[in-house]
Amino acid sequence: MNWQKQWIIGNWKMNGRQAQIGQFLQALAAKRPPESCLIGIALPSPFLANAKNTIDALGYLGAEDVSQYADDGAYTGEVSAQMLGDVGAQFALIGHSERRQYFAEANSILAQKIQNAHQAKLTPILCVGETAQERDDKQAFTVIKTQLAVLKDLALPHFAVAYEPIWAIGTGRVAQTEQIREMHQFIYETLLSFAKENANIRVLYGGSVNADNAAHILSIPKVDGALVGGASLKADSFAAIIQATLN
Ligand code: PGA
């Protein structure tokens, strides 16, 4: 992964079929996206192996999650970080708010997942974010600090975090410029307090990023890219967000 460029990462969640993903990748490649940013696409596990060759020409292939269990064994239904690496994944989303919500992923589990990803040579991208209630209660910074604490003792060489306010995910309601600026600044400061001096840091914003608002969001200080859900499912809108890194 390149730690200087902006990262535009698509998150397909539980969407897509093989043919659709193939068409999407072809359409994206045909637009010859600029090399000004790092492009990543996180796909459901069954589609990773087939997408690998096409994605290699465009950017990086990612998993949406990894198992908390590191080694092969009797864990029916689980997919390990090593398996994901074996079929070509290069990064993994960890702790997306949907996983925290539907699968009760707490910091102890997430620490295992981050470690497993790192050991399998997948770059973990830790997702953090507060609920609307927590923001209203002025708890946003406390919540994010607690979520980031999982990275404190893991001795990672680099840190990639996506700040995704839960109230902004899939709602069309983007956080305000000042809310993004101050939270990204806070995340940077927190990560620097954990990091070795030469650690690289990327802090992405996620939550209703689209072709119209991307250029503005990406211009906010300490925003190193975007994690894109809905707008990453169409080549046109995803390519427009990639283009926005040129502004
Ligand atoms: P959204 O999702 O862009 O559809 O809001 C972002 C995410 O959940 O990563």
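Order of listing sets the numbers, starting from 1, for every ligand and every atom in it.
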- Find all atoms of ligand 1 within a distance of less than 4.0 Å from any non-hydrogen atom belonging to His96, and give their numbers and elements. 7 (C), 8 (O), 9 (O)
- Under 4.0 Å to a heavy atom of Gly207 - the qualifying atoms of ligand 1, by number: 5 (O)
- Query: Going by the atom numbers of ligand 1, which of them fall below 4.0 Å from some non-hydrogen atom of Lys13?
  - Reply: 2 (O), 7 (C), 8 (O)
- Query: Taking only heavy atoms of Leu227, which atoms of ligand 1 are found under 4.0 Å from at least one of them?
  - Reply: 9 (O)
- Query: Closest non-hydrogen protein atom to atom 7 (C) of ligand 1, residue and atom name please, with distance?
  - Reply: Glu164 OE2, 3.0 Å
- Answer with yes or no after comparing the ring centroid distance for Tyr60 and Trp7 against a 6.0 Å cut-off, counting only values under it. no
- Report, in ascending order of atom number, the atoms of ligand 1 lying under 4.0 Å from any heavy atom of Gly230. 1 (P), 3 (O), 4 (O)
- Query: Atoms of ligand 1 less than 4.0 Å from Asn11 heavy atoms?
  - Reply: 9 (O)
- Shortest non-hydrogen contact between Val66 and Ile94, atoms and distance: CG2-CD1, 3.8 Å
- Smallest separation among heavy atoms of Ala244 and Ala215, with atom names: CB-N, 3.7 Å
- Query: Is it true that Gly170 lies under 4.0 Å from ligand 1, counting heavy atoms only?
  - Reply: yes
- Around atom CD of Glu78, are there more than 12 heavy atoms of other residues, nucleotides or ligands at under 6.0 Å? yes
- Kindly write out the residues that satisfy side-chain hydrogen bond (donor to acceptor under 3.5 Å, both in side chains) with Asn53, not counting sequence neighbours, or none if the list is empty. none
- Task: Go through the side-chain N and O atoms of His216 and Thr177 and say whether any donor and acceptor fall under 3.5 Å apart.
- Result: yes
- Does ligand 1 have any atom sitting under 4.0 Å from a heavy atom of Gly206? no
- Residue, atom and distance of the protein heavy atom nearest atom 3 (O) of ligand 1 read Gly229 N, 2.8 Å
- Search all heavy atoms of Leu151 against all heavy atoms of Ile114 and return the closest pair with its distance. CD2-CD1, 3.9 Å
